[in-house]
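Structure record follows, encoded as C-alpha cells.
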Amino acid sequence: MESSEKVVAVIMVGGPTKGTRFRPLSFNTPKPLFPLAGQPMVQHPISACKGITNLAQIFLVGFYEERDFALYVSSLSNELRLPVRYLKEDKPHGSAGGIYYFRDIILEDSPSYIFLLNCDVCCNFPLPDMLEAHKRSGGMGTILVKKVSAESANQFGALVADPVTNELLHYTEKPETFVSDLINCGVYVFTSEIFDAIEDVSVHREGRANVRRISSFEALQSATRNLPTDFVRLDQDILSPLAGKKRLYTYQTMEFWEQIKTPGMSLKCSALYLAQFQLTSPHLLATGNGTKSANIVGDVYIHPSAKVHPTAKIGPNVSVSANVRVAAGVRLISCIILDDAEIMANGDFNDKLGITILGEAVIVEDEVVVTNSIVLPNKTLNLSVAEEIIL
C-alpha cells in the first residue's frame with residue numbers, strides 16, 4: 001500500500017430499537033457490548049481492524065446513547081493507540097444513510113479506503129486480504145461473500161458473481177425464490193465514491209417525490225417511494241442497482257461466518273471465537289490441570305479478575321467475565337457467565353446442546369444445577385432450572 005493511502009473503518013452497531021431478537025440479553029447490556037469469548041461482540045471486528053496497514057481511525061455508528069459507549073471507547077482508544085469514536089445518529093438513517101450522515105467526519109483524514117462492518121456478524125474478518133483484492137479489481141466496493149446451503153440462502157442477501165473477475169452481477173436481499181448459494185457477509189471495503197452513490201439515491205428519491213404523476217413501475221416501488229430521502233439502505237438502494245455495472249466486486253471467504261441475531265447464536269459464536277484464539281491469541285485461553293488452578297477442558301476464557309477454585313472443572317466452550325466467583329467443585333460446560341456472577345459449591349452448568357447465559361451479578365447457590373437457561377441480571381437461584389428464561 002502507498003504510504004499516503006489511509007484507511008478508516010466504520011462499524012455499524014445499531015441501536016436499542018433493533019436487536020429485539022437478542023432480548024432478554026440486550027436489556028442490561030447494549031448488544032454490541034455483550035461478551036463473546038470474553039470480549040465485547042464489537043471488539044472482534046475492531047481487533048481485526050488492527051491488522052490493516054495505515055489505519056487512521058475507527059468509528060462506531062449507531063443510535064445507542066453516548067453514555068453506553070463512552071467508557072468503552074475511551075479505554076479502547078488508549079489500548080489501541082488509535083482514535084476510536086462513537087458517532088450517534090439522531091434517528092435511523094439506514095445502513096448506507098448512516099455513514100452518509102457522518103461523511104464529513106469519516107472523510108476528515110482523506111482516506112483512500114473505507115471499511116464498513118456490521119457488528120452482529122461473527123467471522124475471522126480477512127480485512128487485509130479483502131483490501132488487496134479490492135485494489136486489484138479497481139471497483140468502488142468489494143463485498144465479503146460466503147457459500148451457504150441452498151436451503152438457508154434466502155435468509156440473507158443472495159448474489160451472483162462472475163466466477164473469473166468476481167464482479168457482482170446480481171444482488172437480491174432475502175429472495176423469495178432461489179437465486180444463488182453465495183451470500184453477503186455484511187463486511188465491505190469502499191472507495192470514497194460510495195458517498196456519491198448514496199447521494200445519488202437521495203437526490204433521485206427527492207426528485208421523484210416532487211413528480212406528481214408516477215409510472216406503473218414506480219407504483220410497484222411504492223414502498224421505496226415512501227422512504228425518507230435521507231434513509232438509504234446499502235443492500236436494496238446501492239448493491240442491487242449497481243450490480244453488473246463493473247462498480248462492485250466480491251471476495252469469498254472459506255472460513256466460519258455466522259450472524260448473531262439471537263441469544264442461542266451468541267454461545268455458538270463464542271465457541272467459534274474461542275477456537276480462533278488457538279490460532280490468533282492463544283495467550284487469551286485459560287489453562288489448568290486441577291492442581292494449582294481449575295481443570296480446564298477445551299477452549300475456555302477466564303477474565304484475570306475472576307476467582308475460580310482449583311477444584312472446579314471448566315469447559316469446553318466457557319467464557320467467564322470480570323469479578324465472577326466460582327466455588328469448589330463447580331462444573332461449567334458451554335456457557336457465558338457475565339460480570340459479578342457468583343456460582344457456589346457444586347453449581348453445575350452442564351449444557352451440551354442448548355445455551356446457558358448468566359447475567360450480571362447472578363448468584364447460584366449450593367447444589368443448584370442450571371441447564372439450557374438464560375438468567376437475567378441480579379437474580380439469586382436457589383432451585384435448579386432447565387429450559388427457562390428467568391426474568
Side-chain angles (χ1 to χ4, degrees), residues 25 29 32-48 50-51 119-126 146 253-327 329-339 341 343 347-359 362 364 369-375:
L25 298 182
T29 304
L33 299 182
F34 185 82
L36 302 178
Q39 298 181 348
M41 187 186 294
V42 70
Q43 193 143 336
H44 295 282
I46 287 171
S47 297
K50 290 192 292 190
C119 161
D120 63 354
V121 301
C122 162
C123 68
N124 73 327
F125 298 104
K146 182 172 175 62
T253 177
M254 303 296 174
E255 298 284 340
F256 66 92
W257 181 86
E258 295 288 350
Q259 216 173 5
I260 316 165
K261 292 294 184 194
T262 61
M265 282 309 302
S266 66
L267 194 71
K268 181 177 182 181
C269 293
S270 193
L272 289 167
Y273 281 137
L274 285 168
Q276 193 193 17
F277 286 169
Q278 291 280 10
L279 304 171
T280 59
S281 317
H283 63 280
L284 291 176
L285 293 170
T287 55
N289 58 9
T291 50
K292 287 185 176 170
S293 58
N295 188 358
I296 304 296
V297 183
D299 297 332
V300 171
Y301 170 85
I302 298 175
H303 191 275
S305 64
K307 288 193 165 31
V308 180
H309 196 275
T311 59
K313 188 175 181 184
I314 298 184
N317 184 22
V318 173
S319 171
V320 176
S321 299
N323 302 318
V324 168
R325 291 171 299 293
V326 178
V330 168
R331 177 76 180 102
L332 301 180
I333 302 175
S334 263
C335 54
I336 296 173
I337 314 289
L338 300 192
D339 293 357
I343 302 154
D348 187 347
F349 297 87
N350 191 334
D351 174 22
K352 286 282 196 293
L353 299 169
I355 166 174
T356 292
I357 297 177
L358 293 191
V362 164
V364 180
V369 178
V370 181
T371 310
N372 197 12
S373 297
I374 296 170
V375 184

Exercise. Applying side chain to side chain contact (heavy atoms under 4.5 Å, CB included), run through I296 and T287 and close with a yes or a no.
Key: CA-CA 6 Å; I296 304 296; T287 55; 5.5 Å; no

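- Residues A312 and A294 approach most closely at O-CB, 3.4 Å, considering heavy atoms.
- Rounding to the nearest 0.5 Å places CD1 of I260 at 4.5 Å from CE of M41.
- Side chain of S270 to backbone of A37: a donor-acceptor contact under 3.5 angstrom is found.
- Rounding to the nearest 0.5 Å gives a distance of 8.5 Å between CG of L358 and CG of L332.
- Using a 30° and 60° split on the angle between ring planes, H44 and Y273 fall in the parallel class, below 30°.
- Side-chain contact between V297 and K313 is present, with at least one heavy-atom pair separated by less than 4.5 Å.
- Using a distance-only test at 3.5 Å, with no hydrogens or angles considered, no donor-acceptor pair links the side chain of T356 to the main chain of T371.
- Side-chain atoms of K146 never come within 3.5 Å of backbone atoms of F256 as a donor-acceptor pair (strictly under, hydrogens ignored).
- At least one side-chain heavy atom of L338 sits less than 4.5 Å from a side-chain heavy atom of P35.
- Rounded to the nearest 0.5 Å, atoms SG (C335) and CG (N372) are 11.5 Å apart.
- Residue D120 comes nearest to K261 through the heavy atom pair OD2-NZ, 2.8 Å, listed as atom of the first residue, atom of the second, then distance.
- Under the 3.5 Å distance criterion, the side-chain polar atoms of S319 are left unmatched by any main-chain donor or acceptor of I336.
- In this structure, D339 contributes its side chain and S321 its backbone to no donor-acceptor pair below 3.5 Å.
- Of all heavy-atom pairs between E258 and C269, the closest is CB-SG, 3.7 Å.
- To the nearest 0.5 Å, the span separating CD1 on I337 from NE2 on H303 amounts to 14.5 Å.
- Contact record, A275 with D299: CA-OD2, 3.3 Å, taken as the closest heavy-atom pair.
- Proximity of a side-chain donor or acceptor of R325 to a complementary backbone N or O of N323 within less than 3.5 Å is detected.
- Shown here is K268, whose NZ atom has no more than 12 heavy atoms of other residues, nucleotides or ligands within 6.0 Å.
- Summarising the geometry of P32 relative to C119, their closest heavy-atom pair is CB-SG, 3.6 Å, with the distance given to 0.1 Å.
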Quiz item: Would N124 and Q276 satisfy side-chain hydrogen bond (donor to acceptor under 3.5 Å, both in side chains), going step by step from the backbone distance to the final call?
Solution: CA-CA 8 Å; N124 73 327; Q276 193 193 17; 5.5 Å; no

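- The CG atom of L36 lies 11.0 Å from the CG atom of L33; values are rounded to the nearest 0.5 Å.
- A distance of 6.0 Å separates CD1 of I357 from CG of L267, quoted to the nearest 0.5 Å.
- Looking at L274 and N317, their side chains come closer than 4.5 Å, going by heavy atoms from C-beta outward.
- A distance-only check finds no donor-acceptor pair linking the side chain of S281 to the backbone of F277 [under 3.5 Å].
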Self-check item: Worked verdict on V375 versus V364 for side chain to side chain contact (heavy atoms under 4.5 Å, CB included)
Solution: CA-CA 10 Å; V375 184; V364 180; over 6 Å; no

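- The two atoms that bring Q39 and L284 nearest to each other are NE2-CD1, 3.5 Å, heavy atoms only.
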